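These notes concern the structure reproduced below.
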Amino acid sequence: MVTLTEQAATVLLGIMKDQTVDVNTKVRVGVKGGGCSGFTYTVDFETKKSRFDLEFASFGLNVLVDKKSHLYINGTVIDWSNDLNDRGLKFNNPSAKGSCGCRTSFM
């Protein structure tokens, strides 16, 4: 399962509203190779669910995760930080063995 905190969901809903995104839009979270620690998190908006996707509801948003990415990010809680030097989505991944300073890549 991949979940959002209430604050992250509120920010993402605000972004979706500002971009006048379709009401059936979901938040897609995934993993791709790269970054300074080996893997990088990806976040995007998506309207279609594929047969390889898992779907989780979290604070009024549906989160899509492909099954391959889910192996790496199962149990992850996505939060939002308003810190001056660290503003943005924060991934609290219990499976990560380490991450870089920017906390957007992990191993």
Side-chain angles (χ1 to χ4, degrees):
M1 178 182 284
V2 175
T3 57
L4 303 168
T5 63
E6 186 173 7
Q7 187 172 3
T10 300
V11 170
L12 289 171
L13 284 167
I15 291 169
M16 292 168 72
K17 183 180 176 186
D18 290 346
Q19 294 183 4
T20 58
V21 175
D22 184 275
V23 294
N24 297 318
T25 300
K26 302 163 186 351
V27 177
R28 175 172 295 285
V29 179
V31 173
K32 68 178 183 176
C36 46
S37 293
F39 294 102
T40 301
Y41 298 105
T42 62
V43 179
D44 205 350
F45 297 122
E46 179 76 47
T47 55
K48 298 176 187 172
K49 178 182 175 184
S50 84
R51 64 185 179 125
F52 301 108
D53 288 333
L54 301 171
E55 187 169 0
F56 308 102
S58 190
F59 290 102
L61 285 172
N62 290 334
V63 179
L64 294 177
V65 181
D66 66 89
K67 291 178 182 177
K68 188 174 181 182
S69 292
H70 191 256
L71 294 171
Y72 297 99
I73 60 174
N74 185 23
T76 297
V77 177
I78 302 170
D79 197 5
W80 179 264
S81 172
N82 278 319
D83 292 345
L84 182 61
N85 293 323
D86 200 20
R87 187 169 189 252
L89 292 172
K90 301 298 165 218
F91 298 84
N92 300 311
N93 183 349
S95 300
K97 298 199 187 314
S99 64
C100 67
C102 68
R103 292 196 275 165
T104 59
S105 69
F106 68 99
M107 63 177 148

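For the single chain, residues carry numbers from 1 onward in sequence order. These figures come from a predicted structure and were not determined experimentally.
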* Please examine the side chains of Y41 and L89, heavy atoms only from C-beta on, and report whether any two atoms are closer than 4.5 Å. =>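 Side-chain contact under 4.5 Å: no.
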
* To do: Decide yes or no for F91 and V43: does some side-chain heavy atom of the first lie under 4.5 Å from some side-chain heavy atom of the second?
  =>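 When only atoms from C-beta onward are counted, V43 and F91 do touch, with a gap below 4.5 Å.
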
Co-membership, hydrophobic cluster, residues [X] and [Y], 4.5 Å side-chain:
X   : Y   : answer
F52 : L54 : no
V11 : L64 : no
V29 : V77 : no

* Asked: Should the heavy atoms of other residues, nucleotides or ligands under 6.0 Å from CD of Q7 be counted, would the total exceed 12?
  ->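 It does: Q7 CD has more than 12 such atoms within range.
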
* To do: Could you tell me how the ring of F56 sits relative to the ring of H70: parallel (under 30°), tilted (30 to 60°) or perpendicular (over 60°)?
  =>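 Parallel, since the angle between the ring planes stays under 30°.
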
Work out which heavy atom in [X] is nearest to a heavy atom in [Y]; give both atom names and the distance.
X   : Y   : value
S69 : G30 : OG-CA, 3.6 Å
F45 : Q19 : CE1-OE1, 4.0 Å
P94 : G75 : CD-O, 3.5 Å

* Decide yes or no on salt bridge (Lys or Arg N to Asp or Glu O under 4.0 Å) for D53 and K48, but give the supporting numbers first. => CA-CA 10 Å; D53 288 333; K48 298 176 187 172; over 6 Å; no

Measure the spacing between [atom1] of [X] and [atom2] of [Y] and express it to the nearest 0.5 Å.
X   : Y   : atom1 : atom2 : value
N62 : E46 : CG    : CD    : 12.5 Å
T3  : D79 : OG1   : CG    : 9.5 Å
E55 : R28 : CD    : CZ    : 9.5 Å
K49 : K26 : NZ    : NZ    : 8.0 Å
T76 : L4  : OG1   : CG    : 11.0 Å

* Between T25, I78, V27, V63, which is the residue that forms a side-chain contact (heavy atoms from CB on, under 4.5 Å) with L12? ->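 Answer to the side-chain contact (heavy atoms from CB on, under 4.5 Å) test with L12 among T25, I78, V27, V63: V27.
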
* To do: Kindly say whether N24 contributes a backbone atom to a donor-acceptor pair with the side chain of T47 at under 3.5 angstrom?
  =>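 No.
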
* Please check if the side chain of N93 supplies one atom and the backbone of Y72 the other of a donor-acceptor pair under 3.5 Å. =>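 The answer is yes, because a donor-acceptor pair under 3.5 Å joins these two groups.
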
